[in-house]
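Here's the structure, in structure tokens; my notes come after.
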2 protein chains.
Amino acid sequence: MKTLKISEAVVRRLPIYLRHLLELKQREVLTVSSQDLGQKLDLNPAQIRKDLAYFGDFGRKGIGYDVSYLIEQIKHILKLDQKVHVGLVGAGKLGHALCNYTVYLNDNMKIVAVFDAQPSKINTTINNLRVQPMEELQSTVINNRIRIGIITVPALEAQQVADQFVEAGVEAILNFAPVILKVPAHIRVHTADFTTDLFSLAYYLQDDEEGKDLVTHDDNINRT
Amino acid sequence: MKTLKISEAVVRRLPIYLRHLLELKQREVLTVSSQDLGQKLDLNPAQIRKDLAYFGDFGRKGIGYDVSYLIEQIKHILKLDQKVHVGLVGAGKLGHALCNYTVYLNDNMKIVAVFDAQPSKINTTINNLRVQPMEELQSTVINNRIRIGIITVPALEAQQVADQFVEAGVEAILNFAPVILKVPAHIRVHTADFTTDLFSLAYYLQDDEEGKDLVTHDDNINRT
DNA sequence: GAACATCTGTTATTCTTAAAACAGAAATGG
DNA sequence: CCATTTCTGTTTTAAGAATAACAGATGTTC
């Protein structure tokens, strides 16, 4: 009833909790405290408790969280207790990698269709999936109830693909192309661009040895 | 002089600015305003101005920013005006994809070595690079001044690889494995895990038709 | 060359997120 | 069974980030 809006930061941490909980379960750990979790995940225990408390009282005072129960709860929150079909456009190396990766992660979240524009790729097989031409995108998305679209095509084609996904009715897009996609407000887009990651990492490198004075204000005096 | 610490959020936006500026330059656009940039990049113009102002007075009142000049400045801030050598461990599909991707992006930032533990992969070639065994990591990192390490190995092996990178002396790590790496504080780690991205996207999906109630956030009226 | 429009850099304000503090429930151990 | 420890959920406080507001340059137009 409380339409309390959950911060995006919180939502992004839930999968991280889930992942570790699954590992704990596999190791037959029955309960876990926010302290333990925090230590393992490099997060503040208070934050973890608060995150979880947004969604309900999952823990027990004096004990902690029941691992299996919490897994179920987080899965429910993330809608991973429903079938979530995913479609992917771009049967390149990255597309291949994603198909293999996500296969064994969650039974309910699955890549169920792969598309590409290049004739040479069409009808090849990735992970038991036939690569389909773009013309089949709309119908396949509808017929297979594909709700999330992954884009792994070159930057120049990404917007076009996004438009097709949106028109076909997907609800969210995970975009690996280095562009900012324009989509209607009700579509959720997340950009996973590793060039951005790499470039921003470079910022934190130590300055080069040979006395680059770096006159400007931002000079970090930190040397090895 | 001002040891003003720059927010991580700011640093993460710089590559996005840079990318768009490069595109503008290619289209021979000479100047650009924060307004224009904001519109293209879905960001608040004030934020863009503030971000850039942290590092200097790059713009001119009444005009905006000189595209070429701003490119040079951001490249400098991100240390992309120096050679930044990158090493990659994990010659799988994802590793392949990254090697191809980053090749044409910036002359100074380059993947210069690829490693893998699997004997079958060793001595194969990716993008003109010989895949080297892990035993060669330390020496190669040192001899080639590799400063950033990319990890694209399965989750279970990631920490081990990270340890080797750290020992060899890299300054930053880009980790694609779904684990939280433990590294010394002076090493910068960024985790680029798309399972996290995908799972958090699922949160924003509409609830399935038959359970429209959505009474409370915590109530588990979860029906498929 | 004055009036107007443009656009930055900076300051002020609002909004959001993280951390700390704490009361209360559950278990444990003598 | 009482004291102590553990650990949650919530409240309070602090920190941080985004947005808005505005003064000061710059250019343009008539």
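For the numbers below, each heavy atom of this structure counts, side chains included, while hydrogens, waters and symmetry mates do not. Numbered from 1 within each chain, the chains take letters A, B, ... in sequence-line order.
Rounding to whole angstrom units, CG of residue L52(B) and P of dA18(D) are separated by 14 Å. One interatomic measurement links the two molecules: OH of Y54(B) to P of dG16(D), which rounds to 12 Å at whole-angstrom precision. At whole-Å resolution of the value, CG in L70(B) and C1' in dT8(C) are 13 Å apart. In this entry the distance linking CD1 of I48(A) with P of dA19(C) reads 10 Å, nearest Å. Taking atom NZ on K61(B) and atom P on dG9(C), their separation rounds to 8 Å, with Å as the unit. Rounded to an integer number of Å, the gap from CG of D36(B) to P of dT8(C) is 9 Å. Taking atom CD on Q35(B) and atom C1' on dT6(C), their separation rounds to 10 Å, with Å as the unit. One interatomic measurement links the two molecules: CD1 of I63(A) to C1' of dT28(C), which rounds to 11 Å at whole-angstrom precision.
A donor-acceptor pair is defined here as one N or O able to donate and one able to accept, closer than 3.5 Å; such a pair exists between the side chain of T152(A) and the backbone of G90(A). Looking at H85(B), its side chain does come within 3.5 Å of a backbone N or O of N144(B) through a donor-acceptor pair. In this structure a side-chain-to-backbone donor-acceptor pair under 3.5 Å is present from R19(B) to P178(A). Side-chain atoms of K79(B) come within 3.5 Å of backbone N or O of L205(A) as a donor-acceptor pair.
Taking the side chain of Y65(B) as heavy atoms from C-beta on, and the options dA20(D), dT16(C), dT8(C), the nearest nucleotide is dT8(C). Closest contact between the side chain of R13(A) and the listed nucleotides dA18(C), dG9(D), dT19(D) involves dA18(C). Across dG27(D), dG9(D), dT10(C), the shortest atom-to-atom separation from the side chain of D57(B) is found for dT10(C). Among dT8(C), dA18(C), dA26(C), the nucleotide with an atom closest to any side-chain atom of A9(A) is dA18(C). Among the nucleotides dA20(C), dT10(D), dG27(D), the one closest to any side-chain atom of N44(A) is dA20(C).
Distances shorter than 4.0 Å separate some side-chain N or O of S34(A) from OP1 or OP2 on dT8(D). Residue R60(B) places no side-chain N or O under 4.0 Å from the OP1 or OP2 atom of dG9(C).
For the side chain to side chain contact (heavy atoms under 4.5 Å, CB included) criterion with Q82(B), the lone passing option out of H76(B), R147(B), M109(B) is R147(B).
Along DNA chain C, the nucleotide nearest to S7(A) and the one nearest to R49(A) differ in position, and the one closer to the 5' end is contacted by S7(A).
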